[in-house]
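Each remark here refers to the structure printed beneath this line.
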Amino acid sequence: MGVMDADEPVGRVFVALCEGRLTRDDLTARKIAAFLGQTTMVLYHHFGSLDGFLIRVDGLGWRRLAERLDARARAGADARSLAVGYVEFALCHPDLYWLMAERRFDRARLREQGRLRLARPLWSSFVELLRHHGSRRPEEDTYVLFAGLHGIAMLALSGRANLGRANLGEVSSGKIPSVLVSSSLGGASRGAPAGTPPPLLPLLLPLNPGEDPTGEDPNPGEGSAANLGEGSAANPGEGPVGDAEMAFAAARRLADLVLPARPPEPPASQASRDRGGPGRRA
């Protein structure tokens, strides 16, 4: 394998993680080399170490996520849809997302080796997305939104989206059980011991009477709850649609909290009068 082919193994492993042909347990030097039909020297010769190889795969994951969110934004998606898009990506590609957000890298060493050159540009692309959606403190809001969405995604992926308080498989017709909504209002769930804290994710749900807390994402894409499939990593064999819908609802609510909706702009004629334009009467 020549030096010019160094990107090819990165792309192959990235695609295999996306498609589920490789899992996090396969991300060792020996198993990756076997998958590529090479010796482990292919990793050390071109990338310096296993970390040097996997950080490239990690970068492809963040770039793919940034491109998808940017495409949604260009199509007119609001902040809620972007938040759902992040969680969708994590639920659709759990092993890739683990590499991107959970695996520990020796970042100090990678930085010294100049292998984190794309980190800042990628981060800046997410910051610009929030700036575009009205954030007055885009750097801070990006940290807050990422932290919250990562927590939501990991709770869903681990099957702990409701912290053991209710079976999310009981979610029917896309609605959150009323017991969960009542818990988020501060009341104890029926059958729960006194003083038991309410579930975490329902605390983020909108509480307007009659409002469907899950809603409908205008552009669910391949990561929608309907496409996760029974027995997915989000909650193997037990109510994956419920876990996903709970996570999507929480993502929407988090977006509302971090980026409150901007008031609609006044019609052009009204704005002209307000500025003292030609339409203003003497």
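Relative orientation of the His150 and Tyr97 rings is tilted, given thresholds of 30° and 60° on the angle between their planes.
In summary, the aromatic rings of Tyr143 and Trp123 are positioned with their centroids under 6.0 Å apart. Separation of the His93 and Phe14 ring centroids does not fall under the 6.0 Å cut-off.
Here the straight-line distance linking atom CG of Leu82 with atom CG of Asp70 works out to 9.0 Å at 0.5 Å rounding. Distance CG/Asp256 to CG/Asp78: 8.0 Å, rounded to 0.5 Å. The distance from atom CZ of Arg74 to atom CD of Glu67, rounded to the nearest 0.5 Å, is 11.0 Å. For the atom pair OG1 (Thr23) and CG (Leu96), the distance works out to 12.0 Å, reported to the nearest 0.5 Å.
Sparse packing is recorded around CZ of Arg63, with 12 or fewer heavy atoms of other residues, nucleotides or ligands lying under 6.0 Å away.
Pairing each heavy atom of Gly85 with each of Leu65, the nearest pair is O-CD1, 4.4 Å. Minimum interatomic distance between Pro138 and Arg131 (heavy atoms only, all atoms of both residues): CG-NH1, 3.6 Å. Looking at every heavy atom in both residues, Ala247 comes nearest to Val87 through CB-CG1, 3.9 Å. Here the closest non-hydrogen pair linking Ala153 and Ala90 is CB-CB, 3.7 Å. Across every non-hydrogen atom of Arg107 and Leu116, the tightest pair is O-CD1, 3.6 Å. The two residues Leu17 and Leu22 come nearest to each other via the heavy atoms CD2-O, 3.5 Å.
Ile32 has its side chain within reach of Leu54: a pair of non-hydrogen atoms, C-beta onward, lies under 4.5 Å apart. No side-chain heavy atom of Phe35 sits less than 4.5 Å from a side-chain heavy atom of Asp26. Looking only at side-chain heavy atoms (C-beta outward), Leu145 and Tyr86 stay at 4.5 Å or farther from each other. Between Arg109 and Asp51, every side-chain heavy-atom pair lies at or beyond the 4.5 Å cut-off. You'll find the side chain of Phe126 reaches within 4.5 Å of the side chain of Leu69, heavy atoms only. Here the side chains of Leu91 and Leu157 are in contact, with some heavy-atom distance below 4.5 Å. Between Thr39 and Tyr44 the shortest side-chain heavy-atom distance does not fall below 4.5 Å.
Applying the salt bridge (Lys or Arg N to Asp or Glu O under 4.0 Å) rule to Arg24 yields the partners Asp95; only residues at least two apart in sequence or on another chain are considered. Residues satisfying the salt bridge (Lys or Arg N to Asp or Glu O under 4.0 Å) test with Glu112, not counting sequence neighbours, are none.
Annotation: cation-pi geometry not satisfied between Arg56 and Phe53 (NZ/CZ under 6.0 angstrom from ring centroid, within 45° of ring axis).
Screening residues 27-37 for side chain to side chain donor-acceptor pair (under 3.5 Å) gives no qualifying pairs among residues at least two apart or on separate chains.
Hydrophobic clustering, with ILVMFWY side chains joined whenever heavy atoms are under 4.5 angstrom apart, groups Leu27 together with Val15. Cluster membership for Leu122 and Leu130, using ILVMFWY side-chain heavy atoms within less than 4.5 angstrom, is shared.
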Inset, instruction - Go through Thr40 and Leu50 one step at a time and tell me if the side-chain contact (heavy atoms from CB on, under 4.5 Å) criterion holds. - result: CA-CA 9 Å; Thr40 55; Leu50 177 62; over 6 Å; no
Legend entry - Pair Arg252-Glu88, salt bridge (charged side-chain N to carboxylate O under 4.0 Å, His left out): steps then yes or no: CA-CA 12 Å; Arg252 293 185 185 100; Glu88 283 177 353; over 6 Å; no
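A distance-only check finds no donor-acceptor pair linking the side chain of His46 to the backbone of Asp7 [under 3.5 Å]. Side-chain N or O atoms of Arg72 include one that pairs as donor or acceptor with a backbone N or O of Ser81 at under 3.5 Å.
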